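See below for the structure under consideration.
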Amino acid sequence: MLLVQHIRDHYDQVLLGLKKRNLVHADAALQQVLALDELRKSSQTQRDQLQAEANTISKEIGILMKEGKTVEATAVRDRSAVLKSQIKELEEQHEQAEEELKTLLYTLPNVPHEAVPAGKSAEDNEVVLTHGEIPTLPEGKLPHWELIKKYDIIDFDLGVKIAGAGFPVYKGKGARLQRALINFFLDQALAAGYLEVQPPILVNEDSGYGTGQLPDKEGQMYYATEDKLYLIPTAEVPITNLYRDVLVNVSDLPIKNVGYTPCFRREAGSWGAHVRGLNRLHQFDKVEIVQITHPDHSYEALEQMNSYVQGLLQQLELPYRVLRLCGGDMGFTSAMTYDMEVYSAAQERWLEVSSVSNFETYQANRLKLRFKGEDKKSQLAHTLNGSALALPRIVASILENNQGPDGIRMPKVLHSYLGFDRI
RNA sequence: AGAGAGUUGGGUGAGUGGCUGAAACCAACAGUUUGCUAAACUGUCGUACGGGUUAUACUGUACCGGGGGUUCGAAUCCCCCACUCUCUGCCA
């Protein structure tokens with residue numbers, strides 16, 4: 001959530017940023033934010049003054065009663081009644097202004113960093129770099145949804161029986177590949193100084209608001225109505241919310257957490273052509289890294305996470321490219337996002353396998369995640385996260401890129417985790 | 001799931017209608033004393049949103065799990081909800 005103070009102090013910059021996201025009514029919305037904030041403040045000032053008077057009167061009544069001056073006490077009590085109704089009126093005005101302000105702020109996305117390119121869609125994303133050789137596959141190459149049948153390692157039909165479309169069943173070497181990747185990713189993160197956590201995969205409403213899934217993406221999460229809990233779409237939600245309403249010491253920064261969780265996405269309305277096989281699922285596995293940093297160092301951390309994820313892809317011997325997302329393609333809460341895409345040689349297309357973002361104070365403001373600095377004043381920290389990595393498309397590209405006449409070669413780095421080197 | 005007990009400041013914990021933003025102790029911070037450490041003593045020590053100031057100072061309001069109510073006045077009385085603990089039940 002944007003800070004009103006920041007909007008007031010850097011109006012033009014905020015406006016420009018929101019326009020980069022192609023937000024049509026940015027100017028009107030920001031003007032309304034400021035107007036509502038003025039109303040909020042003026043009604044509070046008036047209310048506080050009247051309340052102060054009422055408090056004084058109450059004390060007087062107490063003293064008069066004690067002295068037995070009931071007649072005088074009754075007289076003062078009348079004044080109190082008048083104040084009470086005025087206070088109530090101002091109170092309602094104040095609450096309404098506050099409520100409207102909050103609702104409006106929830107509709108405003110984060111302001112993109114100045115380095116974020118303008119643009120409307122994925123077409124306008126900036127390719128930062130491309131790495132690795134795109135393999136040339138022999139005649140008769142198969143897309144992964146054929147390969148998994150051929151080698152009987154993932155069964156979609158069984159998943160349909162158990163749950164529905166988009167819930168694959170991993171079998172045999174397929175299941176072991178999943179487990180190997182998860183362990184490899186966790187071990188790598190540990191070596192890079194991340195603390196492993198295992199959070200709940202159902203979260204409450206407050207957590208959904210904390211990281212910005214609510215109210216923006218209400219329909220994209222599975223919801224257990226009986227208990228009012230959401231299935232997490234990403235470990236970002238529970239892990240970042242570990243630090244909701246937390247005041248950390250500046251010396252504890254940066255905080256680095258990693259967690260493996262399954263992720264659940266309803267993907268309402270997004271099924272169609274390019275989503276066969278593992279390309280889009282309702283349930284998938286992901287290892288997520290989260291950092292909480294001092295505002296001065298969040299972009300260093302973003303670059304660090306960027307190259308960390310690239311390191312994973314290099315070890316997995318996958319050709320990839322890094323994109324800097326344009327304003328139009330970036331997530332609601334992000335200030336800057338890098339996407340990593342691997343090349344899937346049988347589908348002959350790039351697949352997004354990671355998204356690394358800096359949210360600056362946008363989430364921290366909702367979370368009330370602050371740190372106490374050297375000046376002993378508390379201020380909002382910056383939050384970041386990134387996939388490191390999401391499994392299905394990694395599996396898809398490993399299968400496709402490494403297929404050959406004598407099976408599918410596994411990346412060397414996984415051999416010890418797998419216990420086999422070929423499927 | 002049933003019955004009971006509870007939720008107070010960084011921690012322990014007092015407080016059943018006005019003198020309580022909240023005792024006491026601990027922790028923390030600053031200072032005095034001490035050769036150092038320790039101890040002792042003195043002081044400071046919550047958050048949010050306003051007003052005010054160049055910035056301080058100063059000042060108002062709210063906050064004792066959350067929300068609502070009674071009252072001139074609520075941490076304290078009433079109602080609803082959440083959570084924690086104990087016992088019983090069920091269960092990986």
Side-chain angles (χ1 to χ4, degrees), chain A residues 1-9 33-106 198-210 214 223-230 238 241-253 255 262 361 364-381:
Chain A
M1 186 153 55
L2 298 176
L3 291 150
V4 176
Q5 173 107 36
H6 187 259
I7 295 174
R8 201 183 306 133
D9 294 347
V33 166
L34 295 185
L36 282 169
D37 192 51
E38 279 310 313
L39 181 61
R40 178 188 68 83
K41 287 200 291 192
S42 64
S43 56
Q44 184 183 334
T45 304
Q46 287 181 62
R47 184 206 60 189
D48 284 358
Q49 279 168 359
L50 295 180
Q51 187 61 253
E53 192 186 335
N55 287 346
T56 311
I57 285 176
S58 286
K59 275 184 188 144
E60 280 173 18
I61 290 173
I63 293 166
L64 289 171
M65 299 287 274
K66 199 171 278 180
E67 293 172 348
K69 298 176 181 171
T70 42
V71 183
E72 290 88 334
T74 313
V76 184
R77 208 177 280 186
D78 290 343
R79 169 63 182 157
S80 178
V82 176
L83 281 174
K84 211 175 164 183
S85 71
Q86 288 178 341
I87 289 169
K88 195 175 178 195
E89 210 170 291
L90 285 164
E91 179 71 35
E92 278 164 12
Q93 195 182 76
H94 180 249
E95 270 173 23
Q96 196 188 332
E98 222 164 31
E99 194 57 40
E100 280 177 32
L101 181 59
K102 199 168 94 180
T103 307
L104 180 57
L105 286 173
Y106 273 140
Q198 271 191 33
I201 58 179
L202 276 81
V203 295
N204 58 25
E205 195 182 41
D206 283 349
S207 299
Y209 275 96
L214 296 175
Y223 183 53
T225 51
E226 191 77 8
D227 297 291
K228 296 186 176 138
L229 294 170
Y230 294 87
N241 270 282
L242 296 176
Y243 303 95
R244 172 154 47 86
D245 294 321
V246 167
L247 181 62
V248 300
N249 207 304
V250 67
S251 59
D252 296 333
L253 300 177
I255 292 169
T361 59
N365 187 27
R366 288 194 184 186
L367 293 160
K368 293 195 173 54
L369 163 52
R370 292 160 302 159
F371 67 92
K372 197 156 256 187
E374 292 82 358
D375 57 355
K376 295 196 171 173
K377 280 187 180 167
S378 57
Q379 59 172 312
L380 295 171

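The chains referred to below are lettered A, B, ... by the order of the sequence lines, with proteins before strands, and numbering in each begins at 1. In this text, all values refer to a predicted model and were calculated from it rather than measured experimentally. Scope of the values below: all heavy atoms of this structure, side chains included, with no hydrogens, waters or symmetry mates.
Counting heavy atoms from C-beta outward, A:Leu90 and A:Gln93 have side chains that approach closer than 4.5 Å. Contact of the A:Glu91 side chain with the A:Gln51 side chain is not registered, since no non-hydrogen atoms from C-beta on lie closer than 4.5 Å.
For the C1' atom pair drawn from B:U42 and B:U34, the interatomic distance equals 16 Å after rounding to whole Å. Comparing B:G21 with B:A48, their C1' atoms are spaced 14 Å from each other, to the whole Å. Here, B:C85 and B:A28 have their P atoms 29 Å apart, quoted to the whole Å. When the C1' atom is compared between B:U56 and B:G51, the two are found 15 Å apart, to the nearest whole Å. The same atom, C1', is picked in B:U76 and in B:C63; the two are 16 Å apart, to the nearest Å. Taking atom P in both B:U47 and B:G10, one finds a spacing of 8 Å when rounded to whole Å. Separating the P atom of B:A82 from that of B:U12 is a span of 25 Å, rounded to the nearest Å. Across B:A1 and B:A75, the matching P atoms stand 33 Å from one another, rounded to whole Å.
The nucleotide B:A55 finds no pairing partner, because no Watson-Crick or G-U wobble arrangement with both distances shorter than 3.5 Å includes it. Pair assignment for B:G31 gives B:C41, based on Watson-Crick or G-U wobble hydrogen-bonding distances that are each under 3.5 Å. Both distances falling under 3.5 Å, in either a Watson-Crick or a G-U wobble arrangement, occur for no nucleotide opposite B:C91. Base-pair partner of B:A75: not found among the strands shown (Watson-Crick or G-U wobble, both distances under 3.5 Å). As the counterpart of B:G46, B:C63 is assigned, both hydrogen-bonding distances of the Watson-Crick or G-U wobble pattern falling under 3.5 Å. B:U84 is paired with B:A5 under the Watson-Crick or G-U wobble criterion, all donor-acceptor distances under 3.5 Å. With a cut-off of 3.5 Å on both Watson-Crick or G-U wobble distances, the partner of B:U20 is given as none.
Atom NZ in A:Lys368 sits roughly 13 Å away from atom P in B:G66 (whole-Å rounding). In this entry the distance linking CZ of A:Arg77 with P of B:U71 reads 11 Å, nearest Å. In this structure, CD of A:Gln49 is placed 8 Å from C1' of B:G60, rounded to the nearest angstrom. Atom pair A:Glu205:CD and B:C81:C1' shows a separation of 14 Å (rounding to whole Å applied). Rounding to whole angstrom units, CG of residue A:Leu380 and C1' of B:U47 are separated by 14 Å. Atom C1' of nucleotide B:G66 and atom OH of A:Tyr209 are separated by 16 Å, given to the nearest angstrom. Protein atom CG of A:Asp245 is 15 Å distant from nucleotide atom C1' of B:G10, rounded to whole Å. If you measure from atom CG of A:Leu90 to atom C1' of B:A62, you get 15 Å, rounded to the nearest angstrom.
At the phosphate of B:A62, OP1 or OP2 sits under 4.0 Å from a side-chain N or O atom of A:Asn55. The side chain of A:Lys84 places an N or O atom within less than 4.0 Å of a non-bridging phosphate oxygen (OP1 or OP2) of B:G73.
A donor-acceptor pair under 3.5 Å is formed between the side chain of A:Arg366 and the backbone N or O of A:Tyr209.
Nucleic acid contact for A:Arg79: none, since no nucleic acid atom lies under 4.0 Å from a heavy atom of the residue. Across all strands, A:Ile61 comes closer than 4.0 Å to base atoms (heavy-atom distances). Within the nucleic acid shown, A:Gln44 comes within 4.0 Å of at least one base atom, counting heavy atoms only. Within the 4.0 angstrom heavy-atom criterion, base atoms lie near A:Ser58.
Side-chain N/O atoms of A:Glu53 and A:Gln49 include no donor and acceptor closer than 3.5 Å. In this model, no donor atom of one side chain and acceptor atom of the other lie less than 3.5 Å apart for A:Asp48 and A:Thr45.
Comparing B:G60, B:C72, B:G51 by their closest approach to the side chain of A:Ala52 singles out B:G60. In this structure, the nucleotide among B:G51, B:U47, B:G60 sitting nearest to the side chain of A:Asp48 is B:G60. The listed nucleotides are B:U61, B:C49, B:C72; the one nearest the side chain of A:Arg40 is B:C49. Between B:C72, B:G50, B:U61, one nucleotide has an atom nearer to the side chain of A:Ser80 than all others, and that is B:C72.
The two residues A:Val203 and A:Pro238 come nearest to each other via the heavy atoms CG1-CB, 4.1 Å.
Comparing A:Lys59 and A:Asp37, the nucleotide of RNA chain B nearest to each residue sits closer to the 5' end for A:Lys59. Two residues, A:Ile57 and A:Gly62, neighbour RNA chain B, and the one matched to the more 5' nucleotide by heavy-atom proximity is A:Gly62.
Legend: residues meeting ring pair (Phe, Tyr, Trp, His ring centres under 6.0 Å) with A:Tyr243, ordered by chain and number and at least two apart, are absent.
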| Passes side chain to side chain donor-acceptor pair (under 3.5 Å), A:Glu92 versus A:Gln96? Steps please. | CA-CA 6 Å; A:Glu92 278 164 12; A:Gln96 196 188 332; over 6 Å; no
